[in-house]
Amino acid sequence: MQIPKPTEAQKERFIDLVPDGPGIEVKPMFGNVAGFVNGNMFMGLFGGDVGVRLDETARRELLAEDGAGPFGPEGRPMKEYVTLPAAWIESGSENVDDWINRALTHVSAMPPKAEKAKRGK
């Protein structure tokens, strides 16, 4: 499976969208980048697409918006994530921040991800 790579400008734009706060960090992921809170991913970049992790009700609500869609590889999208409409990202719509904050709130309520043991120790 070919994983699309974002441009440096797309990575920078994504990083600018990630809110500041306790437990929030940006990490590289398969040639893309993702936003994590307490070790759990709440938003990601896949090629040029920005996706957010939402509960089922919010996913249905966002998918009803023109330009929203599955997030991740074609045929194997990430099941709890929805791609934000590209037009919102390009225009700087406040909808982007609203949905990112909804994803952050949803994922912040999850238990912190346990750190994996280091190999060879």
Side-chain angles (χ1 to χ4, degrees):
M1 164 182 26
Q2 182 72 11
I3 296 178
K5 305 292 187 227
T7 65
E8 286 304 313
Q10 289 168 326
K11 284 183 184 179
E12 288 175 21
R13 181 183 64 203
F14 176 85
I15 291 167
D16 287 344
L17 291 173
V18 177
D20 290 326
I24 297 175
E25 59 185 329
V26 175
K27 297 189 228 180
M29 193 166 178
F30 307 116
N32 289 275
V33 288
F36 293 81
V37 61
N38 301 322
N40 294 302
M41 185 172 143
F42 71 96
M43 65 184 290
L45 185 65
F46 188 76
D49 293 338
V50 175
V52 291
R53 185 176 186 180
L54 302 165
D55 63 50
E56 186 176 342
T57 301
R59 284 193 304 271
R60 281 195 304 263
E61 184 181 340
L62 181 53
L63 284 168
E65 295 288 340
D66 189 39
F71 179 72
E74 189 174 331
R76 294 189 66 197
M78 297 174 70
K79 68 179 181 174
E80 295 183 17
Y81 293 79
V82 176
T83 297
L84 296 171
W88 290 0
I89 304 290
E90 292 165 11
S91 71
S93 171
E94 63 186 43
N95 289 330
V96 172
D97 289 336
D98 291 344
W99 282 103
I100 289 171
N101 286 323
R102 286 178 74 171
L104 178 59
T105 299
H106 170 63
V107 176
S108 292
M110 296 176 178
K113 189 116 179 189
E115 294 208 22
K116 292 183 180 179
K118 304 260 184 198
R119 291 184 189 191
K121 292 193 176 186

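Side chains are part of it too, since the values below use all heavy atoms of this structure and drop only hydrogens, waters and symmetry mates.
A distance-only check finds no donor-acceptor pair linking the side chain of Asp49 to the backbone of Gly72 [under 3.5 Å]. Judged by distance alone, the side chain of Thr83 and the main-chain N or O of Val50 form no donor-acceptor pair under 3.5 Å. Arg53 places no side-chain N or O within donor-acceptor distance of the main-chain N or O of Glu80, the cut-off being under 3.5 Å. Checking side-chain atoms of Asn32 against main-chain N and O of Pro4 turns up a donor-acceptor pair under 3.5 Å.
Neither Met41 nor Val107 shares a network with the other; the hydrophobic side chains, linked directly or stepwise wherever heavy atoms of I, L, V, M, F, W or Y lie under 4.5 Å apart, form separate groups for each. Under the 4.5 Å side-chain contact rule for hydrophobic residues, Phe14 and Phe46 do not share a cluster. Under the 4.5 Å side-chain contact rule for hydrophobic residues, Val52 and Met78 do not share a cluster. Taking hydrophobic clusters as Ile, Leu, Val, Met, Phe, Trp and Tyr residues chained together by side-chain heavy-atom distances below 4.5 Å, Phe36 does not share a cluster with Val18. Two different hydrophobic clusters hold Ile15 and Met29 under the rule that ILVMFWY side chains link at heavy-atom gaps under 4.5 Å.
The two residues Pro19 and Leu104 have their closest heavy-atom pair at CG-CD2, 3.8 Å. Between Pro70 and Pro77, the shortest heavy-atom distance links the atoms CB-CB, 3.7 Å. Residues Pro85 and Ala68 come closest through the heavy atom pair CG-N, 3.7 Å. Between Gln10 and Leu45 the shortest heavy-atom distance is O-CD2, 3.8 Å.
The line from CZ of Phe30 to CD1 of Ile3 is 6.5 Å long, rounded to the nearest 0.5 Å. For the atom pair CZ (Arg102) and CG (Leu62), the distance works out to 8.0 Å, reported to the nearest 0.5 Å. To the nearest 0.5 Å, atoms CZ (Arg13) and OG1 (Thr7) are separated by 7.0 Å. To the nearest 0.5 Å, the span separating CG on Asp97 from CH2 on Trp88 amounts to 11.5 Å. One finds the CD1 atom of Ile100 at 10.5 Å from the CG atom of Leu54 (value rounded to the nearest 0.5 Å). Here Ser108 contributes atom OG and Ile24 contributes atom CD1; the two are 6.5 Å apart, rounded to the nearest 0.5 Å.
In this structure the side chain of Glu61 reaches within 4.5 angstrom of the side chain of Trp99, judged on heavy atoms.
No more than 12 heavy atoms of other residues, nucleotides or ligands lie within 6.0 Å of CG in Asp66, so this atom counts as exposed by the packing criterion. Atom NZ of Lys5 has more than 12 heavy atoms from other residues, nucleotides or ligands within 6.0 Å.
Taking the six-membered ring where the residue is Trp, Phe71 and Tyr81 present tilted rings, their angle falling between 30° and 60°.
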Q. Which is it for Leu17 and Ile89 under the side chain to side chain contact (heavy atoms under 4.5 Å, CB included) test, yes or no, and what are the steps along the way?
A. CA-CA 9 Å; Leu17 291 173; Ile89 304 290; 4.1 Å; yes
